[in-house]
Amino acid sequence: MDEMTNTGAGSPDTQENKYMTFKSGSEYFGLEIQYVQQIIQFQAITKIPETEDYIKGLINLRGKIVPVVDVRVRFKQGECEYNDKTCILVITVKDTTVGLIVEQIAEVVEIQKENILPPPTIGRGDKGHHKYVYGIGKVGNAVKLLLDPEKLLYDEENVDMELTMTENEE
Amino acid sequence: MAGDFNTESMLDMYLFENTQLLEQLQETVLEQKDADSFDEDSINEIFRTMHTIKGSSGIMMFDNITAVSHKLEDVFFYLRESHPDNVPHVELVEHVLEVEDFISSEMEKIRNGDPADGDATNIIADLDKFLNMIKNGGGQGEGGAAVENVHEEPKHFYIAPVASAASRFYKIFIHFFPETEMANVHAYKTVYALKEIAEDILYSPEDLLTDEKCSDEIIKEGFRVLLQAQCSEEEVRDLIGVGYDIEKVDVFECDANQFLLGFDFGDTQPLPQIDLESSVEVIEAKQEAAQTQEEQKSVEKKPETPKITPGDFVIQSKEPGRQKKLAKDKPKGEKATFINVNVNKMDQLMDLIGELVISESVVLQSSDLKVPGLNLDNFNKAAAQLASISTDLQNVIMSMRMVPLTNTFQKMNRIVFDVSRKLGKDIEFVMVGDSTEVDKNIVEHISDPLMHLVRNAVDHGIESNEERAASGKTEKGKVTLSAKTEAGKVWISVEDNGTGLDREKILAKARKQGILDDNKPDSVYTDKEVYQFITLPGFSTNEVVTEYSGRGVGMDVVVQNIQAIGGALEIESTPGFGSVMSLKIPLTLAIIDGIVMEVGTSSFVMETGVIKQFIRVKEDMMIHEPNGDEFVMIRGECYPVIRLGKWYGLEEYQESVEDGVMLILEVEDRKICLLVDKLVGEQEIVVKPIPSYIKKVKGLSGCTQLGDGSIALILDAPGLVE
C-alpha cells in the first residue's frame, strides 16, 4: 500500500485529540488529524521558479495540482536527501491543499488536552520552528511538538499579505 | 419517489425548469415579433408555458408569479379559443415580454435567496385592460365566457395534449387485492410504467403520492386510467403486468370522443369530479356540448391536428413530449441546452479522464512489461484499443464544454427590440453564425460586452427614422450580429448601417480631455487610433445622455472584459455608412494547443498561436550587450533573447545557443526570441491554474498535466515579452 487515506468520514468525536505524528530532524511533530487528507509516497515534483525555497514545486495528486512544502526547509533544518522513507503528507487548511514533505511518518497518537503544555517561552526565536508550534504534547515519556497548520503554511509576512488582500476585496 | 429529487432541491428544479421555459418563450415571441400575429402553435406554446409556470409557482407559493402568469394565460386562452381579429400584435408582444421580464426578475430574487416581493398589480391591470380591449374588439361572446370559466378553475388543472391519427385510446381498470398495502404506490408504479408509452394519461384518484387516503379508494373502487398511446392492447397489458398485487386488469379500447369524456361510461361509477376538473379539455367538452355545436367541432379538430408529433404530452411540469416536438419542428434553430449538468461535475469528469489517461500510460509503460522474452502481441492490440477509446473520451469531454452562441445572440435580439422601440427607431436585426461554438466560460464573459455593443449600435449607431430619411438612406436601419471561427479565434462582430463614428468629434473631445499630444496635429492620428479613444474610460461623444447609453461608461468596460479573457476589440467605421465592432476572442480558456518543450529537467508549454518560428542559431548570430542583454540577428532582423533556463534560474540547462532551439514569439507586434533546450511536441493541453498558495510568477499563466502524469508549466507570452 502506498496510500493510506483518511477519508474524513469519521465523526468529529473519533477525530478529536488525535494527532498524526512525523519525524523531521531529530524531533517529532504532531498535526491534528482533521487537517490530514492522505499520505502518499514521495513522487516527482515539478519545480516552480522564483518561489520561496521551502516551496518545492507541484505534484499531480490524481488530476489535482497540489503545491508541496519541504518541512525541513520550512523549519530551517537544512535540506536532506529524499529517500524511500520520505512521504508527502497532504493537508487541507481553509480550502488550501498543500503537500508536506516529511522525512518519516510516525503514527497516529491520542493526546488528551490536559497533556498539552504551552510551548516554552525561553529561547523563543532561537529555533525556526518554534513559531509554528502551539503546544507540546506528552505521550508517555516522549514529547511531540504540535503544529499550527495555518502558521506552517503562511509565515507572518504572508499572513499579513492575506489579510490586506481580504480587506481589499471587501 | 423522493429519491429522485435527492440531489436537486425542489427550488433548484423550479428555477431551472422555469428559466428554460422563459428562454424558450422569449425565443418564440421574438421569432414572431415581426409577424402580424402569433400562429396557432405559438399561442398554444405560450399558453402552456404560462400554465406550467403558474402551476409550479403555485406549488412553490410564489403568489405574484402565479398571479401574473395566470393573467397572461387568460389572455392566451382567449386567443386560443376565440381567434379574435384585430389583436394589436406588437402590444401583445410587449405584454408577453413584460411578463417574462417580471418573472425572470422575481426568479433572480429567489435564486439569490431574497423574497419574491415584486409588485405585479400594474402588469395584471395592464393585461386586464388588454384582454378587455381585444375582447371588445373581437366581440366574441362565447370566448369571453370561456375565459371566465378558467378563473374559477382549481390551480392544478390539466392540459390535454393533441393526439395524432395513429393514437389509440384505452380505458383501463385495475383492481388490486383487498389486502394490498399502500395501493396508491402500486398504482403509481403502473402509471409510471405507462408514461413510457403514453401520449396522454389521466388517472383517478389523482394525488397518488401525496394523498394517502386514496389507497383505500383504490382498493375499494379500483384504479382507473385513461391512456392515449400508439400501441396495442397487448402491450398495455404487458406494461401493467400481473403482479402479486393486481387482481384484475380490464382494458377497453375507445375512441377519442369517449376518451375526452373521461371515465364516465356505462357500467362504471359516475364520473368523479376531480377528473373533470383536472382537464381543461374535458371542461371544454362539457361546456361546449352545453353551448354551441360549432365549438364542439373545434375541439374535435384538435385531436387531429397533424403538425404535432406523437409523444406530445404534457403532465404537470414535466414535458418530455413537448421538448421532443420542439426539437423536431425546429431542426435549424435547435435549442442549445438539452440537459443541465453542474459545471463542477463536468470538471470532475474532466479530472477523472485526465487521471484515466495517466494511469493508462502507467499500465502500458509498466516496467513489468519490459521483461525479456514476453509475448505481448495480444497485450499490445488491447492496449491500442484502450488508447483509442481514451482519446475519444477526451475529445468528447472537450466538446461537452463547447456551447453554441445561440442563447447569447437571442438575448441581443431582445435588446434590439426593446431599445429600438423605446427610441422609436425602425431596426432590423440579423444574426449570422449563431451556432458557432465557444467554451462555456467564454460565453459567460462575452454576454455583457456584447450587450453594450449592441445597445450602442442601436442607440448611437443608427440614426432616427427622420435623420435617415433626411440623409437619403432608403433601407431600414439594420444591426447585424455575426460570429465565425477563424485561426483558432472566434470573431464576433456587431455591424450597423448607421452614421459611423465621427472622427472630428472624437478628436475634438479627445483634445478637450487632454488625451492628445498638444504638439501633434489631428492628422497624425490614424483612424484606428482615433476610434480606440472611445474605449477610454469616461469618453462619450453623445451629448445627450439617454436611458441606454451616452454616459461614457461602457466601452471601457467592454474592452476590460474582453481583455480579461485574452481577447481584443477592433473598431472599423465608414462615416455615413456605419461601423463594425469586432471582438476577437479565444475559442476556449480551458484547452489550448501548445508546444511542449524542455529546459533542464523542467517541462514548459507555450501556446502555439504566438510562436512564429523555431530556429537553430549559431553563436556568431548573437549580440551581447555589456549589461548582459542579448540579441540575435536572424535574416537581418534583431530580436531580444530570453534564455528560459537562466531567466528562471533552473538547473542543468544548455548553456550554448547552438545546442538549444530558439522560438520566435510575437505578441501584439512585439517579437522576442526564447531559448529552450529541446522541443518535445505539440499537443492539446488542459489549462489548470497554479494553486493560489504559490504567489504569481511572472511569465507563467498556469500549469498542465502531460501524458505521463508529470506537470508542465504554461508560459505566458505577453508576460515574457514585458
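Lettering of chains follows the sequences in order, A, B, ..., and the numbering in each one begins at 1.
- Most heavy-atom pairs under 4.5 Å with chain B, from the set A:Glu50, A:Gln43, A:Lys47, A:Lys64: that is A:Glu50.
- Of the atoms belonging to B:Leu352, not a single heavy atom falls under 4.5 Å from chain A.
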Stepwise side-chain contact (heavy atoms from CB on, under 4.5 Å) test for A:Leu58 and B:Cys703: CA-CA 9 Å; A:Leu58 303 172; B:Cys703 53; 4.1 Å; yes

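- In this structure, the portion of A:Ile59 lying under 4.5 Å from any heavy atom of chain B is its backbone and not its side chain.
- Taken to the nearest 0.5 Å, the CG atom of B:Leu713 stands 6.5 Å off from the OG1 atom of A:Thr46.
- Summarising the local packing, NZ of A:Lys113 is surrounded by 12 or fewer heavy atoms from other residues, nucleotides or ligands at distances under 6.0 Å.
- Of all the heavy atoms in A:Leu153 and B:Tyr693, the pair that sits closest is O-OH, 2.6 Å.
- Under the side chain to side chain contact (heavy atoms under 4.5 Å, CB included) criterion, A:Glu114 pairs with A:Gln112, sequence neighbours left out.
- Two residues are said to be in side-chain contact when any heavy atoms from C-beta on lie closer than 4.5 Å; A:Val98 and B:Pro691 fail this criterion.
- Counted within 6.0 Å of CG on B:Asn627, heavy atoms from surrounding residues, nucleotides or ligands total more than 12; the atom is thus considered enclosed.
- One finds the OG1 atom of A:Thr51 at 6.5 Å from the CD1 atom of B:Ile694 (value rounded to the nearest 0.5 Å).
- Both the backbone and the side chain of B:Ile711 come within contact range of chain A, with heavy atoms under 4.5 Å apart.
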